[in-house]
Amino acid sequence: MRKTFLTLLLIAGAVATMLAQRTVIPMNADWTFRFANKFSGKGERVDLPHTWNAADALSGRQDYYRGMGIYEKKIKPSAAWKGKRVYLRFEGANEKADVFVNSRFAGEHKGGYTAFVIEITPFLEADKENTVTVKVTNALDLEIMPLVGDFNMYGGIYRDVYLVAVDPLHISLTDYASPGFYLTQKKVTKENADVEAAVVVSNLGDNKAEGKLKITLTDGHKAIAEKSADFALGPDSTARIALDFAIGNPHLWNGREDPFIYTAVAEVTDASGKVTDRMEQPLGLRSFSVTSDNGFSLNGKPLRLRGVCRHQDRAERGNALLPVHHEEDAAIIREIGANAVRLAHYPQATYFYDLMDRDGMIVWAEIPFIGPGGYNDRGFNDIPAFRENGMQQLKEMIRQNYNHPSICFWGIFNELKTFGDNPAEYVGKLNETVHREDPTRLSTAASFLGADDPINGVTDLIAWNQYFGWYGGHPSDLGKWLDRTHKSHPEYRIGMSEYGAGASVYHQQDSVKPGIASGMWHPENYQTFYHRENWKALAERPFVWGSFVWNLFDFGAAHRTEGDRFGINDKGLVTFDRKVKKDAFYFYKANWNREEPFVYISERRHDRRTMPSTTVTVFSNLKEVQLSVNGKGLGRMTPEGYGTFTMENVALRPGKNEIRAIASDRGKQLSDSVSWTLQGGVR
């Protein structure tokens, strides 16, 4: 596995890392936190990542605290920093952060989901402890995206913080907090790959600086290409230096099949030949395309995108996730057999993009330009500062994540309404910015409006959030809607950005009946039925370029009063704490995961039965399943396709019944068993 420079730092944790003359020190430990309305006292000691809403928002309180919190930390400069420029890099603080050093204002950032860098060199005092104060607010601000959202707006410094000390001659840290190193894949085929490697070099010294930029491409074992260029920079100036590479017979990044990644290394040396800075970035060479009739192709071959959506929060932690949490989520995505992920509704952690690179996922990344969907308020007000902030967040997302091979789509909006202040013109501006910033990827959006609304035609691709069978209608309506939309708008490249139904693992029933979306009864077996019907419609329509289940995991939404408890959107295929995979998860695993043979008996949690005759449903990615009840073999189950096997009219005896499903894979027996009790009998 190859990781970016920042990923290595993240895993290193408590130790400082030195690459050439760049010193990077994790700053997560030993902060003091207090709410802004607490004027006296020392506050509480906290470590980052941290959110102050892990308790109140996740208890379903709609009035969870959205205000200001204040973080403080002591820093004593090292003698090694003398003559260096010193910065603080924040991976994420929601949603507005103002940074002070020794009570002097150093800088601010507006936007809760992208990284930002603040230089603190002028404010540090040598040979003493300096106080860094960060005032963070998650209060609604009409000048900052997002204005609304069907998820929690957790406040705090919820991602990592680093102190970075660099030579005045260095690779820029302040180009929208990007790595300052851009790898543009101009043309990639299996015979040749043309790549432009560009580095933003800064000379923040008082004198002219002459030096050399060297860029080396390695395959993990040896250098495969190397180029260099001389430069001369005046004092306090920055230049973008680009070098072109041609790689013959490249080893392609080929999704889950073979996610191979080269490493690109940039070194800056001064006139004396001393290395003053060094940066590594991943280079996964691939090409992709999307057509309106045949969907997505990777490296010239069609690839059906079987996707899930992911929010970045979980039980007890809120959004203050550690590496182990990202790794567990990535492992569950691999297990279900997905090959694509929509990271909704905002840029997510650098480390998670690294994991998606490693695992060969196709990623849709997006800015938090979010409409209210079926709720009140608006996602867009035509305020100049809001427009500027959206552009800023878009540029930050693209530049910070430019080199991740997993990312193929930049998402611009989700569920915007087009009355009043119509966002269509602004969406057009955002779309232009996407292509100006990154001509190699496609823009997309998630709509919920009628197909004829002009906003659907602005981006390169368009996808829809459709919930036939949950918010009205029947699951069978999805296929009809897709066919009708494709016929009426053959120019659209159509995707399915969201589809799903709520489910509680505690809500079980004998028959398959829908719950009420806004009610407290969300039966698990109806979610399974919903997904079985929806996936059939999607799988049979090759013009759908990608589909993304909403959602892989239950997530926090304090305003929701439904399901088995307040404050949770329970459309996930996995529970909020990641401990239980719902039945629908295994339906998708049976259809998507061909690498891990398994057998799974559905409706296992419906263990108190009232009907003496039942239908047993099994999900498996094997060709044949045998069923037994109470030790008696009932024979081969009927395959229905789509990884589903059923046997009807299975008799249960009063009291306890043992149900067992058995299959074979290359001579190895696989089985699953459950225990169901027919109530009213002897136990």
K.L.:
Only pairs at least two apart or in different chains count here, so list each salt bridge (charged side-chain N to carboxylate O under 4.0 Å, His left out) that has a residue in residues 579-591.
P.N.:
Glu335-Lys581, Glu335-Lys589, Asp554-Lys582, Asp583-Arg605, Lys589-Glu596
K.L.:
Give every donor-acceptor pair under 3.5 Å between a side-chain atom in residues 56-63 and any protein atom, sequence neighbours left out.
P.N.:
residue : atom : partner : partner atom : Å
Asp56   : OD1  : Asn53   : ND2          : 3.1
Asp56   : OD2  : Asn53   : ND2          : 3.4
Asp56   : OD2  : Tyr65   : N            : 2.9
Ser59   : OG   : Ala55   : O            : 3.4
Ser59   : OG   : Asp56   : O            : 2.8
Arg61   : NE   : Asp63   : OD1          : 3.1

K.L.:
List the residues meeting side chain to side chain donor-acceptor pair (under 3.5 Å) with Asp150, not counting sequence neighbours, and say none if there are none.
P.N.:
His559, Arg560
K.L.:
Using ring-ring contact (aromatic ring centres under 6.0 Å, His included) as the criterion, list what pairs up with Phe585, not counting sequence neighbours.
P.N.:
none
K.L.:
Filter on salt bridge (charged side-chain N to carboxylate O under 4.0 Å, His left out), then keep only pairs touching residues 525-535, sequence neighbours left out; what's left?
P.N.:
Arg532-Glu640, Glu533-Lys536
K.L.:
Could you note down all residue pairs passing salt bridge (charged side-chain N to carboxylate O under 4.0 Å, His left out) where residues 443-468 supplies at least one of them, sequence neighbours left out?
P.N.:
none
K.L.:
Residues in salt bridge (Lys or Arg N to Asp or Glu O under 4.0 Å) with Arg159, at least two apart?
P.N.:
none
K.L.:
Which residues pass the salt bridge (Lys or Arg N to Asp or Glu O under 4.0 Å) test with Arg484, not counting sequence neighbours?
P.N.:
none
K.L.:
Which pairs, with at least one residue in residues 495-513 and sequence neighbours excluded, count as a salt bridge (charged side-chain N to carboxylate O under 4.0 Å, His left out)?
P.N.:
Arg342-Glu498
K.L.:
Taking only residues two or more places apart in sequence, or in another chain, which ones meet Arg334 in a salt bridge (Lys or Arg N to Asp or Glu O under 4.0 Å)?
P.N.:
Asp359
K.L.:
Using ring-ring contact (aromatic ring centres under 6.0 Å, His included) as the criterion, list what pairs up with His522, not counting sequence neighbours.
P.N.:
Trp470
K.L.:
With sequence neighbours excluded, tell me which residues meet ring-ring contact (aromatic ring centres under 6.0 Å, His included) with Tyr467.
P.N.:
Tyr471
